[in-house]
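Take a look at the structure set out below.
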Amino acid sequence: MTLQNNKVVVVGAGLMGTGIAHAFAASGFATTLVDSNGQALDRAQQAIHKILDDGVKLGKMEATAAEAAKSRLGMQPDLTAAAAGAHLLIETVSENLAIKKAVMTQAAAEMADTAIYSTNTSALSVTEIATAVNCPERVVGMHFFNPVHKMKLVELVRGLATSDETVATMRAYCEAISKQSIVVSESPGLTTSRMSALAGNEAMWMLQEGTATAEDIDTALRLGFNHPMGPLELGDLTGWDTRLAVLKYLHQTLGDKFRPCPLIIKMVAAGRYGRKTGHGVYRYENGQRVPGSGMKGSAL
Ligand SMILES: NC(=O)c1ccc[n+]([C@@H]2O[C@H](COP(=O)([O-])OP(=O)(O)OC[C@H]3O[C@@H](n4cnc5c(N)ncnc54)[C@H](O)[C@@H]3O)[C@@H](O)[C@H]2O)c1
């Protein structure tokens with residue numbers, strides 16, 4: 001029996017769940033995407049179809065393969081129905097411990113006996129999330145990167161009880177969806193979020209202090225360090241609401257160097273989350289950044 005015979009359930013049809021469901025459906029897995037918000041499911045389905053159709057137009061994929069991927073993908077508002085007999089759960093709902101645990105508990109009542117429960121949390125404790133089910137050895141972090149269809153890395157995160165067998169199976173799942181996995185012991189922010197949260201926060205402090213404009217801070221990191229994106233444009237892509245939640249957790253667990261910059265708190269209060277709300281550090285129209293729209297900083 002190949003891994004592709006296993007049924008996959010992705011819970012949370014937001015930015016990340018959309019990309020994750022696409023990755024599994026395009027790689028041959030029967031995949032069900034679940035969200036409590038019907039509009040999120042509609043948006044996700046359209047976005048996945050667009051990625052597949054664009055792949056055909058660019059000659060990266062056969063039209064028949066794209067249609068097959070679409071037919072392997074199901075949309076389902078009801079988690080209980082979606083989880084029945086499934087082998088792999090990928091929880092990628094909002095970054096909130098109580099919500100994530102509730103999703104795990106509800107799914108566990110229905111999933112296959114040997115199922116693996118993974119979470120795409122950016123910074124919460126896998127060990128703590130694992131207390132929601134009675135098989136903590138089969139709970140693991142599966143941390144993807146945005147946009148999922150372009151980013152190769154997955155951080156697999158071992159909680160206190162995660163078994164070697166679970167890690168080995170998850171490495172095989174990553175290979176099956178053409179991702180490169182690394183294994184990280186649970187620690188706040190893992191390797192990447194910890195580094196990225198620090199850089200994004202520091203860039204916001206610089207913006208708040210008027211050290212340089214948003215465009216110039218991003219240009220500095222792109223051209224000075226060869227980063228493909230600057231920390232402020234990356235924050236707009238990730239969403240400052242998610243960023244703030246991560247920073248608050250790192251501040252609490254790792255100390256003062258992660259204290260969220262007040263400008264981030266203000267932006268989140270104003271609903272300026274980034275690309276997903278059309279306005280963050282930059283403004284966006286029809287999904288495109290408006291030239292010259294970057295924040296100037298208070299002293300500039
Ligand atoms: N945004 C990123 O770049 C990024 C990267 C890696 C990991 N993550 C993590 O992935 C997770 C999701 O992030 P996102 O950016 O996709 O968030 P998002 O806000 O875009 O999407 C979250 C989705 O979860 C749904 N949801 C909330 N509660 C639910 C429930 N009980 N049942 C079903 N659906 C529910 C919401 O309706 C929403 O559609 C978070 O844990 C985040 O930390 C985010």
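Every number for a ligand or one of its atoms is a count from 1 in the order of the listing.
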Do any nitrogen or oxygen atoms of [X] come within less than 3.5 Å of a nitrogen or oxygen of ligand 1?
X      : value
Met16  : yes
Thr121 : no
Asn120 : yes

Does a salt bridge link [X] with [Y], judged by any charged N lying under 4.0 Å from a carboxylate O?
X      : Y      : result
Asp216 : Lys296 : no
Asp236 : Lys276 : no
Lys50  : Asp54  : yes

Considering heavy atoms of the protein only, find what lies nearest to [atom] and give residue, atom and distance to 0.1 Å.
atom                    : result
atom 27 (C) of ligand 1 : Ser94 OG, 3.4 Å
atom 30 (C) of ligand 1 : Ser36 OG, 3.7 Å
atom 18 (P) of ligand 1 : Gly14 CA, 4.0 Å
atom 15 (O) of ligand 1 : Leu15 CB, 3.8 Å
atom 8 (N) of ligand 1  : Ser122 OG, 3.1 Å

Query raised in the report: Distance below 4.0 Å between atom 34 (N) of ligand 1 and any protein heavy atom?
Result: yes
Numbering the atoms of ligand 1 from 1, which are under 4.0 Å from a heavy atom of [X]?
X      : answer
Ala40  : 39 (O)
Thr242 : 43 (O)
Gly12  : 24 (O)
Phe144 : 5 (C), 6 (C)
Asn37  : 37 (O)
Lys100 : 40 (C), 41 (O)

Report summary line: Here the side-chain hydrogen bond (donor to acceptor under 3.5 Å, both in side chains) pairs for residues 130-152, sequence neighbours left out, are Lys101-Thr131, His143-Glu155
Are the side chain of [X] and the backbone N or O of [Y] linked by a donor-acceptor pair below 3.5 Å?
X      : Y      : result
Thr166 : Thr162 : no
Glu209 : Thr211 : no
Asp35  : Leu41  : no
Asn96  : Ala98  : yes

Query raised in the report: What residues, two or more places apart in sequence or in another chain, satisfy salt bridge (charged side-chain N to carboxylate O under 4.0 Å, His left out) together with Glu95?
Result: Lys100
Using heavy-atom distances, let me know which of [options] sits nearest [atom].
atom                    : options                      : answer
atom 26 (N) of ligand 1 : Thr238, Asp241, Val93        : Val93
atom 12 (C) of ligand 1 : Ile99, Val148, Thr92         : Thr92
atom 41 (O) of ligand 1 : Lys276, His143, Gln39, Glu95 : Glu95

**Report entry** pair Val9-Val11: side-chain heavy atoms closer than 4.5 Å
**Finding:** yes
Report task. Mind running side chain to side chain contact (heavy atoms under 4.5 Å, CB included) on Thr32 and Val10 for me, showing each step along the way? Result -> CA-CA 6 Å; Thr32 308; Val10 179; over 6 Å; no
Report task. Could you check whether the rings of Phe225 and His227 sit parallel, tilted or perpendicular, using 30° and 60° as the cut-offs? Result -> tilted
**Report entry** ligand 1 versus Asp35: contacting region, heavy-atom distance under 4.0 Å
**Finding:** both
